[in-house]
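As the structure is a prediction and not an experimental result, all values here were calculated from the model. By convention in this document, chain letters (A, B, ...) are assigned in the order of the sequence lines, proteins followed by strands, and residues within each chain are numbered from 1.
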Amino acid sequence: MSAPVVDAPVAQGPGASPAAPRTKSWKASIGLGVTALVSLLVFGLTTPSGVQTTFTIATSSDFVHLPSLTVPAKAAAVTLSLIALALAGYVAFRANQYRKVGIWLPIVFGMAVMGALLAWAGADRSGTTIQLTGLLTSSLFLAVPLVFGSLAGTLCERSGIINIAIEGQLLAGAFLAALLASMMGNAYVGLIAAPIAGGLVGWLLAVFATKYWVNQIVVGVVLNLLVLGLTSFFFSTLMSDNPSLNQPLGLPRVDIPLLSSIPVIGPVLFKQNLLVYIMYAAVIILQIMLFKSRWGLRVRSVGEHPKAADTVGIKVNRTRVRNTVLGGAIAGLGGAFFTVASGLAFGKEMTAGKGYIALAAMILGRWSPKGALAAALLFGFADALRVQLGIIGSDIPSQFLAMTPYLATIFAVAGLVGHSRPPAAEGTPYKK
Amino acid sequence: MSDRKKKSGKPGGTPGPEGVDAPDAGEAHEDSASASASRTDASAVDSTAPEPEGAGGNAESAAVEEAPKSQTVLREILESSTLVVIMAIVASLAIGGILIVFADEQVREAATYFFARPGDTFSAMGDALGSAYSAIFQGAVLNFNADTFAGMIRPFTQTLTMATPLIFAGLGLGIGFRAGLFNIGAQGQLLIGATLGAYVGFAWHLPWGIHLIVAILGCALGGAIWGFIPGFLKARTGAHEVIVTIMLNYIALNLVAWLLTLEAFQREGSDNPITPIVDETAQYPLLLGSGFNLHWGFVLALACAWGVWWLMERSTLGFELRAVGANPHAARTAGMNVSKGYILVMVIAGALAGLAGSAQVLGTEKVLTTATAGSLGFDAITVALLGRSRPVGTIMAAILFGGLRAAGPTLQVQAGLPVDIVFVIQALIVLFIAAPPLVRSIFRLPAPAHEKEVAA
């Protein structure tokens, strides 16, 4: 386990020996080293020398104007790749001493490789520049449903319920948000309607999982199918008969005074709509509540060792039902992103597998809210990058960039990038 | 999969973190050993019946089977899982009916003056339901309005055609469930298999007979490769197969989307993401002549079903796979290679999913697009669950869902209903079947003695 642990997981699983054998794990250093080498070979050495890449940092409406940054493409790509290689070497050095590295390392590593990629992709494109602020803004925006979805997954799985139905909860949220917002003619109504729909799906999942002991993955998959069928059915009947029930309403952008005039960070973080601000709050509150409050301790104990939790008087199944409903509501709120927050009308299958990516973000983020945020931002960035590279016309097929979140998740669960350990009692129904 | 869950109801057999299990592991082993012993006894005695005993056909019910037959025949019928399945279908169609009524324009119109003339509302409801259900019947089973006999039975052959890929993929998933692996990756395995098979079909030009066989093998190989990855990762690193297979589905989709942008996969002079039509020599021959779409893939699917039955019920390997699914710890103690089991199961499941792809590219569609897999992979999960992971059950379930699928166009044209209602009914059926206590409480059926053990 040489890679950084995003958050110290709750007490080791019951029975797991505290004195785990000290093994040197080279997986992380090998993984990072190979990535850095690929970056050096592909981005560093194939960039033609003598050309430049221009990064546009500020947009014209910014309070503070920053000049565009123009760098020699080849030198930048090579330097950044070498930095990444050095970081991989540092991880190997620490692993040799049985020590871990901080969370900063993968972040800096990722930024270095991404920088090299951008320098390579933007090289010698005189007409276009890399819109750095735009890239970050759209990364954040595209990450919104993933963050809500993976928060929902975290909440459910920490209490021992596997939530594969995130996709269905997002879709249900998107649907009801569009429907009720259109009926009331106010986009903000959507933010109230969406969690209700998601919570209902979560409730169904919880009932089947705790009362009828149905395999939670089965229920999740089937609920996804059910929600897809129901929303598509109402979309093709109710909504297509009355277009007034499905209008493209958008939440207005709310600029936070002062904060939004900070260069780069301001427009990225503080010129968004209400849903994004709710997301910030949700991540912070859940992170604190799950790991620092009595409620969080109880939830985690139910997810790790329900029998012990029951013995000390915690109602296991009630906790699970409440958490799953709450989780469903949060995912549903994320569903509002697709309709009212994006200013779009509801469309069939409009979540397009985002729920499954959110599940991946949850695993990559190791079942903690801040990890979920980081992973979701990473996936959002991959998505935004795909769009940006499509605009400047890159040689990388967009399909490969679209694959990255999935590949990253497989590497994560296969233990190539650190070790991910789910809550111990996940997926097992609790029977007295 | 359900078998594994059922196990968990038994004392000492709780699958959980190894640390928790360690103290009573010995107990668990004995427990499972006796259960599997009684199971082999039961199946040896009862060699003519491949179908499951009791609700899940698991070890417990095999033991319970010897219970005194003092109960009345009626009681046995009421307790049977078949009745639960039928009732689940009835309940789902009823809920589907509520949706149909709710969405019907005429019903809503009549409902506005409900208190003045309530009869109108009810007759509109009756019309809506009648036209929907008769459309399902006419689209899936028999078309009374046709002039010829061929025209009348065409809907049913269409149902069988639609069922073919579902049988293949459902069989594969069923093996996985019984071995304790929840494979959600049929979608990706099907797509990769279809890609390889289609490529063999249109790019290689082999003589008649050999070409079809090579193309079919290509499909199976492609699926097997895509199934091997999660099996290998599960066996070696413990990576959860659900997550890996979901991710591989998306990777497969993007991979195929990229392949379809290449010259080698596109039709000459075209930039569309669609392959050339596979050679006639690589297509499944039609089973009932040119008037019907039904092809020999259906027969191959039935043969595979027999093969899977033999593998799981008669062969040593199948016994080992079931043992791994029932209790991996016990299987390991008994000297079985659990890792090998996981990999083998995923490879077989992948190959079968790949064959489902062959039913698409070599049978009905004859080309490869990114939409080749449709939602077949996910439908196959519901098929395997409905069929309780047994070959005969899978065939029945596939025909049922194939029928719903085949009825889609008729439903659209005759009753003016969107095809999506089919998904709703399908999802409801599986939800109900997954929770027998729910169905029993709706229809006030008595619970069998071993219900509590089986309910997982």
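Within the 4.5 angstrom heavy-atom criterion, no atom of B:Ser375 approaches chain A. For chain B, the nearby parts of A:Val222 are the backbone and the side chain; heavy atoms of each come within less than 4.5 Å. Within the 4.5 angstrom heavy-atom criterion, atoms from both the backbone and the side chain of B:Leu99 approach chain A. Only the side chain of B:Ile381 comes within contact range of chain A, with at least one heavy atom under 4.5 Å from a heavy atom of that chain. Heavy atoms closer than 4.5 Å to chain B are found in the side chain of A:Phe208, but not in its backbone. With a 4.5 angstrom heavy-atom cutoff, B:Leu417 touches chain A only via side-chain atoms. Heavy atoms of A:Phe235 lying under 4.5 Å from chain B are absent altogether. Within the 4.5 angstrom heavy-atom criterion, only side-chain atoms of A:Leu223, from C-beta onward, approach chain B. Within the 4.5 angstrom heavy-atom criterion, only side-chain atoms of B:Val242, from C-beta onward, approach chain A. Only the side chain of B:Ile243 comes within contact range of chain A, with heavy atoms under 4.5 Å apart. In this structure, chain B has heavy atoms under 4.5 Å from both the backbone and the side chain of A:Leu230. Within the 4.5 angstrom heavy-atom criterion, no atom of A:Ile357 approaches chain B. Contact of A:Lys211 with chain B is not made at all, since no heavy-atom distance falls under 4.5 Å.
A:Gly353 and B:Tyr250 make their closest contact through CA-OH, 3.1 Å (heavy atoms, listed as atom of the first residue, atom of the second, distance). In terms of heavy atoms, B:Asp420 sits closest to A:Ser236 at OD2-OG, 3.3 Å. The shortest heavy-atom contact between A:Ala360 and B:Met247 is CB-CE, 3.4 Å. Across all their heavy atoms, A:Gly229 and B:Val424 have their closest contact at C-CG2, 3.3 Å.
The distance from the CG atom of A:Leu225 to the CZ atom of B:Phe378 is 9.0 Å, given to the nearest 0.5 Å. Between the CD1 atom in B:Ile425 and the CZ atom in A:Phe233 there is a gap of 9.0 Å [rounded to 0.5 Å]. Separating the CZ atom in B:Phe423 from the OG1 atom in A:Thr231 is a distance of 10.5 Å, to the nearest 0.5 Å.
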side-chain contact (heavy atoms from CB on, under 4.5 Å) between A:Val214 and B:Leu438: does it pass, once the steps are laid out? CA-CA 11 Å; A:Val214 185; B:Leu438 179 63; over 6 Å; no
Test side-chain contact (heavy atoms from CB on, under 4.5 Å) on A:Tyr406 and B:Ile246 and set out the steps. CA-CA 9 Å; A:Tyr406 311 115; B:Ile246 288 177; over 6 Å; no
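The shortest distance between side-chain heavy atoms of A:Val221 and B:Val430 does not fall below 4.5 Å. Looking at heavy atoms from C-beta onward, A:Ile410 lies in side-chain contact with B:Ile251 at the 4.5 angstrom threshold.
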